[in-house]
*Asks:* 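Shown below is the structure under consideration.
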4 protein chains.
Amino acid sequence: MPATARGRRSRQALLDAARIVFARDGFTAARITDIADQAGAAHGSFYTYFKSKDEIFLALIEELEEDLRVSGRGESAASDDAYARILRANTEYLTAYYDNRGIMVVWEQAATLNPEVAELRSQASDRAVARVVRAIERMQAAGEVSPAIDARYAATALTGMISNFAYRWCLRDEDFELDRAAQQLSLLWANALGIPTP
Amino acid sequence: MPATARGRRSRQALLDAARIVFARDGFTAARITDIADQAGAAHGSFYTYFKSKDEIFLALIEELEEDLRVSGRGESAASDDAYARILRANTEYLTAYYDNRGIMVVWEQAATLNPEVAELRSQASDRAVARVVRAIERMQAAGEVSPAIDARYAATALTGMISNFAYRWCLRDEDFELDRAAQQLSLLWANALGIPTP
Amino acid sequence: MPATARGRRSRQALLDAARIVFARDGFTAARITDIADQAGAAHGSFYTYFKSKDEIFLALIEELEEDLRVSGRGESAASDDAYARILRANTEYLTAYYDNRGIMVVWEQAATLNPEVAELRSQASDRAVARVVRAIERMQAAGEVSPAIDARYAATALTGMISNFAYRWCLRDEDFELDRAAQQLSLLWANALGIPTP
Amino acid sequence: MPATARGRRSRQALLDAARIVFARDGFTAARITDIADQAGAAHGSFYTYFKSKDEIFLALIEELEEDLRVSGRGESAASDDAYARILRANTEYLTAYYDNRGIMVVWEQAATLNPEVAELRSQASDRAVARVVRAIERMQAAGEVSPAIDARYAATALTGMISNFAYRWCLRDEDFELDRAAQQLSLLWANALGIPTP
DNA sequence: TATGAATGAGACTTCATTCAT
DNA sequence: AATGAATGAAGTCTCATTCAT
């Protein structure tokens, strides 16, 4: 981290610029020059703060995950039933994805190009899968979900269903509505596991 | 198309080489030189048959889709029930994806880089979604699926669930088993729509 | 020269094609492939008859000069006065240039690129200059042209005036009229040398 | 334009190098590499300042025209008669052409290859023609030049006579003398229009 | 002779990264 | 810290010419 306030400002300007440029041009097509220009900095100044295009992208993703995590901190009343929890989680995810759709789509792209980005992407997925695995197993223990369901397969499939839906929606700007999507996806999710729905 | 048999052989050799190189190196890292080398041809010969890396990739995808379509021609006994049809379709899809996993994963990558590839990818998705939309609507008309389900949202979500599962499985070589995956995914799919399962 | 009639036909087809392609694309941009295509021949057949692009161009120029020489054989009545002879020569030159304007313009271009073509071009110029030098000297001997005129400078300048006019006219398709141009240029030419005009 | 003095020096070094290389090798044969080498710069540095060979050539021509314009600013005493003015203009033109003969000859070549260069070339010609047209019309109005002369045809022909003479002279390094050429060409020019000569 | 595929030298251009000021 | 110029590796593509059938 830069020592001076001025340095921190410059670094942040580059990060903000990178978010815009990556979202606009994609990972591959984005050029260091463009990011520096967008930040109002000289070409060479970029390297004062980041070693490479990959590095700034990783920093950007970290910042993004921080944002997503904060926005995901909805108050989950203990009294919520299973369906309500699913609905809220899906709504939050879709909202966050849509709000950051430019960079989310590029993240998927960058993950196909850079192993470290791929690793970050995988870890995020894995965390989500693990959370869902635990939830399913808890419900199976409580007799609320059939033992015929394999928690790991199901968690992978269902989280993938949500993230892929979000990706397609945002990538091609398809005509879906946020609330309806959250409701329909949650319905499918709950039905798939045999959880009662309203 | 080349006029002589020799020409057709050369072209095919380049396509075969491209499949290997793309699967090994990814779309971006693959170089024309490598493809020509792999095909045992001179550098310039590549350009006798293809104008660019993008063009040969598109040709490769067309060939691939042809292959997938052929392998998808399973005999569907009229007596099949809904679940059996879902299971067979999913099994076929996962099998084909796995058999071609190298190039399938690169296809996803290339789709993020080249608009024409993206278009092909989208069309393939759209066709699958459209098929499932029709099936759901038919079952809704027959009272087998609840009218609370929005066919378009559901078809997008469920096909996405399958293809995303296949992608993650093949991308990271995760420890899933083909038959179990097909069975679990089909179970989730059927449950989600309220279709009876064994 | 090809031994068989078929061979001679092929060679001529290539020459005709070359004239079209060179006139259309210019010397540099014209490709062997295009010439062969235009002639309805295979790419490789070109080399049965010509060693290179330069060679076919030289052959073409020879053919062209033959044509020009034939068309320049106007009957020059002995009774003609000097102005009439000048007018006829200029009219013939401009007519021939205009009729072959596509290739004439390319000839000028090719002369800047290929030494042999430049040599041919120079020889043609030199012949024209030499003819005019002789004519001026004859007229000076006869007291019809002032001895203050240097025949070599004048002949170079006046033939250049005509050919440059033709070049500009045809290159940019400028709005000049053949008869008026011939008349005006001849008037300038005759005046320049002090030869009586009508 | 470069922001720093160092940048401007580098750009100028490339322009100077280009002038040498183009004059030596011609437009087509000149390579970017050679220009960079000649300027003592790295290959890639060329592209810091110019997008292509065409672009640097155009910049070079602009610089050249600036030079020519400056050198053409001879003091024209109002007392000059028509012949004196013609003689001075021709002397200046031939001098400038000869001094820059290397690049002037290449300019003619490049004009046959690049439309933008051709356009610049044409504009320069057109300006010269327009100036002469006005001069002739003025003299016709004053009764000094016969109305039988068509000003546009004559101006095109006479300026072409001069420039073509210069071109041939410099292209083949023909044995002409600057002063004698200027005097002879001016004599022909004046005679052609019926202007009194010494 | 005709064909069309094969070859490979050679030029151009991009842009991430380094460096001098 | 900031600037902007300098570097050069790396890859693409063209096309005249050669060759095998």
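No experiment lies behind these values; they were computed from the predicted model shown. The sequence lines fix the lettering, A, B, ..., with proteins before strands; numbering per chain opens at 1. What you see below is based on every heavy atom in this structure, not just the backbone, and it leaves out hydrogens, waters and symmetry mates.
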*Asks:* Classify the nucleic acid contact of D:Y49 as base, sugar-phosphate or nothing, counting any heavy atom under 4.0 Å across all strands shown.
*Replies:* sugar-phosphate
*Asks:* Among the nucleotides E:dT13, E:dT18, F:dA2, which one has an atom lying closest to any side-chain atom of A:T48?
*Replies:* F:dA2
*Asks:* Whole angstrom is fine here: how far is it from CZ in A:R11 over to C1' in F:dA1?
*Replies:* 15 Å
*Asks:* Please lay out, stage by stage, how D:T112 and C:F27 fare under the test side chain to side chain contact (heavy atoms under 4.5 Å, CB included).
*Replies:* CA-CA 9 Å; D:T112 70; C:F27 183 76; over 6 Å; no
*Asks:* Select one nucleotide: of E:dA2, F:dG8, E:dA5, the one nearest the side-chain heavy atoms of B:T4.
*Replies:* E:dA5
*Asks:* Can D:D67 and D:R19 be counted as an ion pair, charged N to O under 4.0 angstrom?
*Replies:* yes
*Asks:* Are B:I61 and B:W107 packed together at the side-chain level, in the sense that at least one heavy-atom pair is separated by less than 4.5 angstrom?
*Replies:* yes
*Asks:* Between F:dA2, F:dT7, E:dG4, which one does the side chain of D:S45 approach most closely?
*Replies:* F:dT7
*Asks:* Which residue, C:R6 or A:T28, contacts DNA chain E at a nucleotide closer to its 5' end, judged by nearest heavy atom?
*Replies:* C:R6
*Asks:* From CG of A:L14 over to C1' of F:dT3, roughly how many Å is that when rounded to an integer?
*Replies:* 13 Å
*Asks:* Closest approach to the side chain of C:I32, judged atom by atom: which nucleotide of F:dA5, F:dA16, F:dA1 is it?
*Replies:* F:dA16
*Asks:* Rounding to a whole Å, what distance do you find between D:K53:NZ and E:dG10:C1'?
*Replies:* 12 Å
*Asks:* Could you walk me through whether A:Q109 and B:L113 pass the side chain to side chain contact (heavy atoms under 4.5 Å, CB included) check?
*Replies:* CA-CA 8 Å; A:Q109 175 192 12; B:L113 296 170; 3.0 Å; yes
*Asks:* In Watson-Crick or G-U wobble terms, both distances under 3.5 Å, what is the partner of F:dT18?
*Replies:* E:dA5
*Asks:* Determine the contact category for D:A5: base if any of its heavy atoms lies under 4.0 Å from a base atom, sugar-phosphate if only primed atoms, P, OP1 or OP2 are that close, otherwise nothing.
*Replies:* nothing
*Asks:* Select from D:T33 and A:D54 the residue whose nearest nucleotide in DNA chain E is closer to the 5' end of that strand.
*Replies:* D:T33
*Asks:* Report the nucleotide, chosen from F:dG4, F:dA16, F:dA6, that has the shortest atom-to-atom distance to any side-chain atom of C:Y47.
*Replies:* F:dA16
*Asks:* Whole angstrom is fine here: how far is it from CD1 in A:I35 over to C1' in F:dT3?
*Replies:* 18 Å
*Asks:* Which whole-number value in Å describes the distance from B:I56 CD1 to F:dC13 P?
*Replies:* 12 Å
*Asks:* Whole Å only: how far is the NE2 atom of D:H43 from the C1' atom of E:dC15?
*Replies:* 13 Å
*Asks:* If you only use heavy atoms from C-beta on, which nucleotide in E:dT7, F:dG4, E:dA16 is closest to the side chain of A:R31?
*Replies:* E:dA16
*Asks:* Taking the nucleotide of DNA chain F with the nearest heavy atom to each, does B:F46 or A:G40 sit closer to the 5' end?
*Replies:* A:G40
*Asks:* Output the rounded distance in Å from CZ (B:R9) to P (F:dA20).
*Replies:* 15 Å
*Asks:* Roughly, in whole Å, what's the span from CD in A:E55 to C1' in E:dT17?
*Replies:* 13 Å
*Asks:* Would you indicate what A:G7 reaches in the nucleic acid, counting non-hydrogen atoms under 4.0 angstrom: base, sugar-phosphate, or nothing?
*Replies:* nothing
*Asks:* Does a donor on one side chain sit under 3.5 Å from an acceptor on the other, for A:Q12 and A:E63?
*Replies:* yes
*Asks:* Could you tell me the separation between the CG atom of B:L64 and the CE atom of B:M104, rounded to the nearest 0.5 Å?
*Replies:* 6.0 Å
